[in-house]
Structure formats: structure tokens, C-alpha cells
Amino acid sequence: KKAQIGVTGLAVMGANLARNLARHGYTVALHNRSVEKTDALLEAHGSEGEFIRTETLQELVDSLESPRRILIMVKAGAPVDAVIDQLAPLLDKDDIIIDGGNSHFPDTIRREHDLSQMGLHFVGIGVSGGEEGALNGPSIMPGGSEKSYESLGPLLEDIAAKAPDGKPCCAWISTDGAGHFVKMVHNGIEYADMQVIGEAYDLLRSVAGIEPADQAEIFKKWNTTELNSYLIEITSEVLSQVDAKTGKPLIDVIVDEAGQKGTGRWTVQAALDLGSPVTGIAESVFARALSSSNPAARQQAQKELPAGVLESSQLAEEEEFIEDVRKALFASKLVSYAQGLDQLVAAGKEYGWELKLDEIAGLWRAGCIIRAELLGEIMDAYQGDTQPVNMLLAPGFKKLMEDLLPSWRRVIVKATEMGIPVPVFASSLSYYDGLRRDRLPAALIQGQRDFFGAHTYARVDSEGMWHTEWSGNRLEIDAASSHT
Ligand code: NBP
């Protein structure tokens, strides 16, 4: 009997995806560079379904039905190219190579291009949900050709998480690197989601003096509101944990330096290239960097830099303050999602991807780290023919903002008075106000640019581009005529 799909790379993600496939009735051929991992998997879980053990890539290829489907789950970067280089010569036209790792989307675009020249399909898929998701149902974001999805789609949709309405959290995103791009932005949004929760925690603790155990209860309650999400749920778990060694809240013995593996940074780098203002994600990446990049500077600054805090305005009742923080968190979260989706739209234009934002929000509803009730509403906001030009302008969200804004502003004032950093709360509000304002100081920037570099400016009252002769008589000329 031939296998319907092969998996090469059987570390935690590959092994769990292979098991997930087998549990869904697929015959799965297994391969790993070092055969020990293959045997360990078979030994521990071989009875969960139909597996075919292979030792070499040639054996893997020979064990598969045609057209072949081979999922690569090795470390992102050079190992993926190494495996592709060994695998491609063994394959036939129309076979499909799938890369389910966290590959950087430009690599996926390059690989897809190269392999399509050889008559092979290459599908980069974003897989979110960690080990547990891989086993029990991840959120899956496939790129590659639409034709390859005809063969792969049913199988991926089978093993994907299911949203509350029963729909699989997997849909063809668009061509070449689109799947990995969307997964990358998902991770960027995840950074922002985590940072705004962190800011809320800090405010509750530093302004209202609420201890972690009590905050665990607050987050639990918040999880029954529109904030309902996986990350709020696990925040409550982390805050309730007591350190066995010291009897202190665990959070107080964890070093406050955040790590990162790089997908948040990629999101921001891509956003800079696209000119897409993802301030919430960027501030989240920088907040992690500030926490960990220069411990000596932090240490000295803690002792030496003046705080200059202001006489604090009177604190509202604790209940009111907690609700203000909840609303500020929610508003900032909405902005981060709006910005992430905006980046997807910009990327779609740049790379020629037709991204359906309702489907993308839909497949983030379950299985992945940012799964949240809100995503159902975002999905609804993008259904239908008229797409909002920005998520915040969808009717439901506009109305929500009206309710959230006073709390959001109050919380940021409080944090500023007391010297508590709230980079995402504050920058998200600035983004919101920036969108909303009728006149921005960008006009002044244009004036300055024209002054020092003759970069020209548009006028509010006439077409074309204009230049003032700053170093001469300061008369304005039509820029189109100035170079003749
Ligand atoms: P790792 O990223 O730790 O990679 C280990 C696997 O890569 C092993 O099977 C190893 O084979 C294989 N490998 C390496 Br390293 N170099 C190789 C080469 N030159 N040729 C062939 N095989 C090679 O595994 P993972 O944590 O399961 O993650 C797999 C992918 O999924 C990564 O891209 C990761 O970013 C992504 N991802 C991970 C998570 C997660 O929660 N861990 C979540 C979502 C996505 P060996 O056994 O012979 O050394």
C-alpha cells in the first residue's frame, strides 16, 4: 500500500502533524535525517494509524502515491533548502513539496519560483498553534498554486482546527509566499496582543496595587467579555501560579527580559518596506528589545535617571479603574488587528496576492495563538462586497470605539503621570488620533522637505506639485515647469 502523504523532519512539529494526519485516516510515510527520530515516533505512537517507515529520501519518494505530497518540517532556513535540493531530483512533474515550517516569505517566493521551473509544485504553509495545535488541530495558512490546493486542501482541512461554526481553520491564502506572509503577520499581531496584556497587568499592579493572584481572577472575568481569547486565558493561568521554591507569585521570580525568535521582527521589517504603519506590532517588538538588549543600561537607569513623575490626579474607584484598563486593552488590541490587516492589504498589492480578509480572520478563530472571539466579528466586518478601508471604520467597530475612548485616554494619562510605560496603549491611541485628525503636521514636514531638498508639495486647492523658491524670492512655482 502506498502512502497518501510523506513527512520529512520528525522533531516535535513534524511528528505531531504526522500523527494528526494518521489519526484522520491517512497513510503517512515517515522520514527523518537521523532515523532514530522515526523509530522513536513509531515506537511511541505507531499504533495511532497507518505509517510507513522509510530511511532515505528515495525510500520516502517510492512509498508515496502519485502525484506525491511531501511535507517538510525541518528547521527554517538553510535546512529547508538542503532538503529541497536532495528531494527535487527524485520527484516527477506535478509532485507537491510542502514547507510547513516558519520560513521567511521571500524564501518561499524564491523556492516556489525555482521549483515551478522544474514542473514541481511548492506550497509554503503557515502552521500556527505550537506542538499541541499540530497534534490536535492547528490553524493552517497555505500559499502556493491554487491547483496544488485542489490536491492538498481536503487533507489540510481535515487536520486543521475547527472554528466555533464548524468551519476548518484552513483556506488557500494566495500564491507563492502568501501563506507564510499571513502566518508572519499573525505572529506580529501575537506580539502586540501579548504586549497590551502586559501593559494592562503593569497598570493594575503599579497603579491599583492589585497582586497577581487577584489579577488572575480579573483576567478570568475578562475572558468572559469581548476580550475572550486564548492569550487572556493563559495570562490568568500564569498569574495564578505560585513559585514552589519561594512561595512568591511565579511572575515575580521570572527575569523581566523578553525573548523573541524573529517573526515579529520580520513583520515589522516587511511593514517598513511596504510603508505600512504597524505601530502596535513595532512597539511590541521594541518593548521586548528594550527589556533585554542592554541590561547594564537598564540597571544604571533604574538608579540614576530622574522619574519626574507628576502629582497624580485622583484615582477613580478601583472597579472603575479596572474597567478603564480593560477597555484600553481592548481598544489597543483592535488597533493592532486593524494595522495587521492593513499590512496584508498592502502586501497583497505589492506581491499580487488576492487576500480575502474575512477568510484570514476566519481561520485565526481556532487552533492558533491569537484565537479570540473578536476574530469572528472581524470576519463579519469583511464579509460582503464593500470592504471597510480600515477595520476601525467597519460600522460595528466605529461604535465600539465611542465606548472605549474615554477609558483609553484616562488610562494613558494616568500611566504618563506615574511614569509607567505603555508603548502600545499610547502609540495605538496616537495612530487612532492620527487617522482621525483633519489636519496632520505632515504639511509642515512637506514644507521642510521642500525647503531643504526641493522635494515639492501638493496644494489643498489645486492639482499638481509645487515648489517655493526658498533661497530666492520665495515665489511659488509649478514644479512641473521648474525642470524645463
Ligand atoms: P526544529 O526547528 O527543531 O528542527 C529539527 C528538525 O530539522 C529535525 O528533524 C532535524 O533532523 C531537521 N534538520 C535540521 Br535541524 N537540519 C537538517 C538538514 N540539513 N537536513 C535535514 N533535516 C534537518 O523542529 P520543530 O521545532 O519541530 O519545528 C519545525 C518547523 O516548524 C520550524 O520551521 C519551526 O519554526 C516551525 N514551527 C515550530 C513551532 C513550535 O512550536 N515548535 C510552531 C510553529 C512552527 P535531525 O533529527 O536529523 O537533526
Side-chain angles (χ1 to χ4, degrees), residues 6-21 28-45 53-61 70-90 97-108 111 122-143 156 159-161 169-170 177 179-191 194 230-231 234 259-267 363-364 366-371:
V7 181
T8 180
L10 299 172
V12 47
M13 290 298 286
N16 282 0
L17 284 171
R19 289 171 63 195
N20 188 350
L21 284 157
V28 184
L30 300 174
H31 176 267
N32 193 70
R33 177 176 62 177
S34 48
V35 76
E36 292 77 20
K37 278 204 181 72
T38 314
D39 287 333
L41 172 59
L42 283 168
E43 164 122 16
H45 305 288
R53 176 184 182 278
T54 73
E55 289 193 5
T56 63
L57 284 174
Q58 185 65 58
E59 273 178 41
L60 176 71
V61 167
I70 300 180
L71 172 61
I72 302 178
M73 285 308 293
V74 303
K75 206 178 190 61
V80 176
D81 285 313
V83 173
I84 292 174
D85 288 346
Q86 295 163 55
L87 198 55
L90 310 176
I97 299 179
I98 309 141
D99 170 20
N102 265 339
S103 292
H104 198 196
F105 76 96
D107 288 336
T108 306
R111 289 168 184 148
F122 181 73
V123 179
I125 64 172
V127 178
S128 176
E131 326 176 12
E132 145 112 45
L135 183 61
N136 297 317
S139 170
I140 305 179
M141 292 147 258
L156 295 177
I159 65 160
C169 291
C170 173
H180 276 135
F181 192 94
V182 168
K183 167 71 189 341
M184 178 189 78
V185 172
H186 160 285
N187 284 28
I189 291 175
E190 177 185 313
Y191 274 55
M194 293 168 74
Y230 172 71
L231 283 168
I234 66 165
Q260 49 183 314
K261 276 184 154 176
T263 41
R265 183 168 54 233
W266 286 348
T267 311
L363 62 81
W364 288 343
C368 63
I369 305 297
I370 66 168
R371 58 185 182 262

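Indexing begins at 1, ligand by ligand and atom by atom, following the structure's order. What you see below is based on every heavy atom in this structure, not just the backbone, and it leaves out hydrogens, waters and symmetry mates.
- Within the 4.5 Å cutoff, no side-chain heavy atoms of I70 are placed close to those of H31.
- The shortest distance between side-chain heavy atoms of P138 and L17 falls below 4.5 Å.
- Using a 4.5 Å heavy-atom cutoff, the side chains of T267 and M184 are in contact.
- Taking only nitrogen or oxygen atoms, main chain and side chain alike, S34 reaches within less than 3.5 Å of ligand 1.
- Remark: F105 engages F181, Y351 in a ring-ring contact (aromatic ring centres under 6.0 Å, His included) (not counting sequence neighbours).
- The V83 neighbourhood of ligand 1 comprises atoms 20 (N), 21 (C), with distances under 4.0 Å to a heavy atom of that residue.
- Distances between N or O atoms of G9 and those of ligand 1 include no value under 3.5 Å.
- Here's the thing with N32: one of its N/O atoms is less than 3.5 angstrom from an N/O atom of ligand 1.
- Taking each of M73, M13, K75 in turn, the one with a heavy atom nearest to atom 43 (C) of ligand 1 proves to be M13.
- Of the protein's non-hydrogen atoms, G130 CA, 3.5 Å is the one closest to atom 41 (O) of ligand 1.
- Checked by atom type and distance alone, the side chain of T54 pairs as donor or acceptor with a backbone atom of L30 at under 3.5 Å.
- Taking a cut-off of under 4.0 Å to the non-hydrogen atoms of V12, the atoms of ligand 1 that pass are 26 (O), 27 (O).
- The atoms of ligand 1 that sit less than 4.0 Å from any heavy atom of L10 are 9 (O).
- Considering backbone and side-chain atoms together, K37 places an N or O closer than 3.5 Å to an N or O of ligand 1.
- Remark: minimum distance from atom 36 (C) of ligand 1 to any protein heavy atom is reached at N102 N, 3.7 Å.
- Applying the salt bridge (charged side-chain N to carboxylate O under 4.0 Å, His left out) test to R33 and every residue at least two apart in sequence or in another chain returns nothing.
- Put simply, the side chain of D81 does not reach to within 4.5 Å of the side chain of D107, judged on heavy atoms.
- Protein heavy atom nearest atom 5 (C) of ligand 1, with residue, atom name and distance: A11 CB, 3.7 Å.
- The side-chain heavy atoms of S139 and R371, taken from C-beta on, include no pair separated by under 4.5 Å.
- The nearest heavy-atom contact from the protein to atom 22 (N) of ligand 1 is V74 CG1, 3.5 Å.
- We find the CG-SG distance between L156 and C169 to be 13.0 Å, quoted to the nearest 0.5 Å.
- In this structure, the protein non-hydrogen atom closest to atom 17 (C) of ligand 1 is R33 NH1, 3.3 Å.
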